[in-house]
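To keep things clear, I will list the structure first and then write my remarks on it.
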Amino acid sequence: MKKEVVDAVTMQRALTRITYEIIERNKGVSDIVLIGIKTRGIYIAKRLSERLKQLENSEVPVGELDITLYRDDLKEIGPQPEVKKPDFSFSIEDKHVILVDDVLYTGRTIRAGLDAVMDFGRPRKISLAVLVDRGHRELPIRADYVGKNIPTSSNEQIIVEMKETDGVDRIMIVKD
């Protein structure tokens, strides 16, 4: 059973809210870089960067991060996981890195993302921006910027669909 809980307009509003929070908490966007976790986190990071540029008239770099080798369930993925090299055309040294993902659930993906970021430099600060926080944390990880809090039960999934990959912007809850 699928139920749409966020439509395209509401998703855009959530992303805009995150951009305003980033600007307000950091008093601008200097020294900020966005790093999106593959796959949808990358698209969210790019959208945030575009909106930040509109609001602050300043380019915010966006990097792409594949956390496959940092996952704690690597054995379940298979014997030869495909790993892409991180796409950073900038240094993260002494920068405020905002790690971006679509859904925060147990925290394990974010832990892997933190490990990966630290392998590529020493940022001054790392924050977390997520489109959806659904609860059920297994690790002590909390998002600094949240588009929507969508409480779920353990037998539900959050599905984020984005124009870049799915042709539509929406968030759905799927019950097992």
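Keep in mind it's a predicted model, so treat the numbers as computed, not measured.
Residues Leu48 and Val160 are members of one and the same hydrophobic cluster, defined by side-chain heavy-atom contacts under 4.5 angstrom among Ile, Leu, Val, Met, Phe, Trp and Tyr. One hydrophobic cluster holds both Tyr20 and Val29 under the rule that ILVMFWY side chains link at heavy-atom gaps under 4.5 Å. Cluster membership check: Val146 does not share its hydrophobic cluster with Ile159, using side-chain heavy-atom separations under 4.5 Å among Ile, Leu, Val, Met, Phe, Trp and Tyr. By the criterion of side-chain heavy atoms lying less than 4.5 angstrom apart, applied directly or through intervening Ile, Leu, Val, Met, Phe, Trp or Tyr residues, Val100 is not grouped with Ile42; the two fall into different hydrophobic clusters. Both Val132 and Tyr145 belong to a common hydrophobic cluster when Ile, Leu, Val, Met, Phe, Trp and Tyr are linked at side-chain heavy-atom distances under 4.5 angstrom.
You'll find the side chain of Thr10 reaches within 4.5 Å of the side chain of Lys148, heavy atoms only. Counting only heavy atoms from C-beta outward, the side chains of Arg47 and Met162 approach each other to under 4.5 Å. Here the side chains of Ser30 and His96 are not in contact, with every heavy-atom distance at 4.5 Å or above. A 4.5 Å side-chain heavy-atom check between Ile92 and Phe90 finds at least one atom pair inside the cut-off. Taking the side chain as every heavy atom from C-beta outward, Asp7 and Arg170 never approach each other to under 4.5 Å. Using a 4.5 Å heavy-atom cutoff, the side chains of Ile150 and Val6 are in contact. The side-chain heavy atoms of Ile173 and Ile158, taken from C-beta on, include a pair separated by under 4.5 Å.
Checked against salt bridge (Lys or Arg N to Asp or Glu O under 4.0 Å), Glu59 has the following partners two or more places apart in sequence or in another chain: Lys53. In this structure, Glu93 has no salt bridge (Lys or Arg N to Asp or Glu O under 4.0 Å) partners at least two apart in sequence or on a different chain. Evaluation of the salt bridge (Lys or Arg N to Asp or Glu O under 4.0 Å) rule for Asp144 yields no partner, not counting sequence neighbours. Looking at residues two or more places apart in sequence or on another chain, you find a side-chain contact (heavy atoms from CB on, under 4.5 Å) between Tyr105 and Arg134, His136. Under the salt bridge (Lys or Arg N to Asp or Glu O under 4.0 Å) criterion, Asp166 pairs with Arg40, not counting sequence neighbours. Here Arg13 pairs with nothing under the side chain to side chain donor-acceptor pair (under 3.5 Å) rule; sequence neighbours left out. Here Glu56 pairs with nothing under the side chain to side chain donor-acceptor pair (under 3.5 Å) rule; sequence neighbours left out. By the side-chain contact (heavy atoms from CB on, under 4.5 Å) test, Ser49 pairs with Leu34, Val60, Val62, sequence neighbours left out. In this structure Thr39 satisfies the side-chain contact (heavy atoms from CB on, under 4.5 Å) test together with Tyr43, Thr165, sequence neighbours excluded. Evaluation of the side chain to side chain donor-acceptor pair (under 3.5 Å) rule for Ser153 yields Asn155, Glu156 as partners, not counting sequence neighbours.
The two residues Gly113 and Leu99 come nearest to each other via the heavy atoms C-CD2, 4.0 Å. Here the closest heavy-atom approach between residue Ile32 and residue Ile22 is recorded as CD1-CG2, 3.8 Å. The heavy-atom pair separating Leu131 from Ala14 by the smallest distance is CD1-CB, 4.2 Å. Among all heavy-atom pairs drawn from Ala116 and Leu65, the shortest one is CB-CD1, 3.8 Å. In terms of heavy-atom proximity, Met118 sits nearest to Ile126 at SD-CD1, 3.8 Å. In terms of heavy-atom proximity, Ala112 sits nearest to Ile67 at CB-CD1, 3.9 Å.
Distance check: Gln157 CD to Asp176 CG gives 5.5 Å after rounding to the nearest 0.5 Å. Taking CE from Met172 and CE from Met1, the interatomic distance works out to 12.0 Å, rounded to the nearest 0.5 Å. Between Asp66 atom CG and Lys38 atom NZ the span is 4.0 Å, to the nearest 0.5 Å. To the nearest 0.5 Å, the span separating CD on Gln54 from CD on Glu50 amounts to 7.5 Å. Note: Met11 CE to Ile171 CD1 = 4.5 Å, rounded to the nearest 0.5 Å. Within the model, atoms CG of Asn26 and CD of Glu21 stand 11.0 Å from one another, a figure rounded to the nearest 0.5 Å.
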- Could you go step by step and tell me if Ile44 and Leu15 meet the side-chain contact (heavy atoms from CB on, under 4.5 Å) rule? CA-CA 8 Å; Ile44 294 167; Leu15 293 171; 3.7 Å; yes
- Decide side-chain contact (heavy atoms from CB on, under 4.5 Å) for Val103 and Val130; before the verdict, give the C-alpha distance in whole Å, the side-chain angles of both, and the deciding distance to 0.1 Å. CA-CA 6 Å; Val103 178; Val130 296; over 6 Å; no
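Distance alone, capped at 3.5 Å, is enough to place a donor-acceptor pair between the Arg137 side chain and the Ile141 backbone. In this structure, the side chain of Asp133 engages the main chain of Gly135 through a donor-acceptor pair within 3.5 Å.
A side-chain hydrogen bond (donor to acceptor under 3.5 Å, both in side chains) check over residues 109-122, counting only residues at least two apart or in different chains, returns the pairs Tyr70-Asp119, Arg111-Asp115.
Within the hydrophobic cluster formed by Ile, Leu, Val, Met, Phe, Trp and Tyr side chains joined at under 4.5 Å, directly or through other members, Val168 stands alone, with no partner residue.
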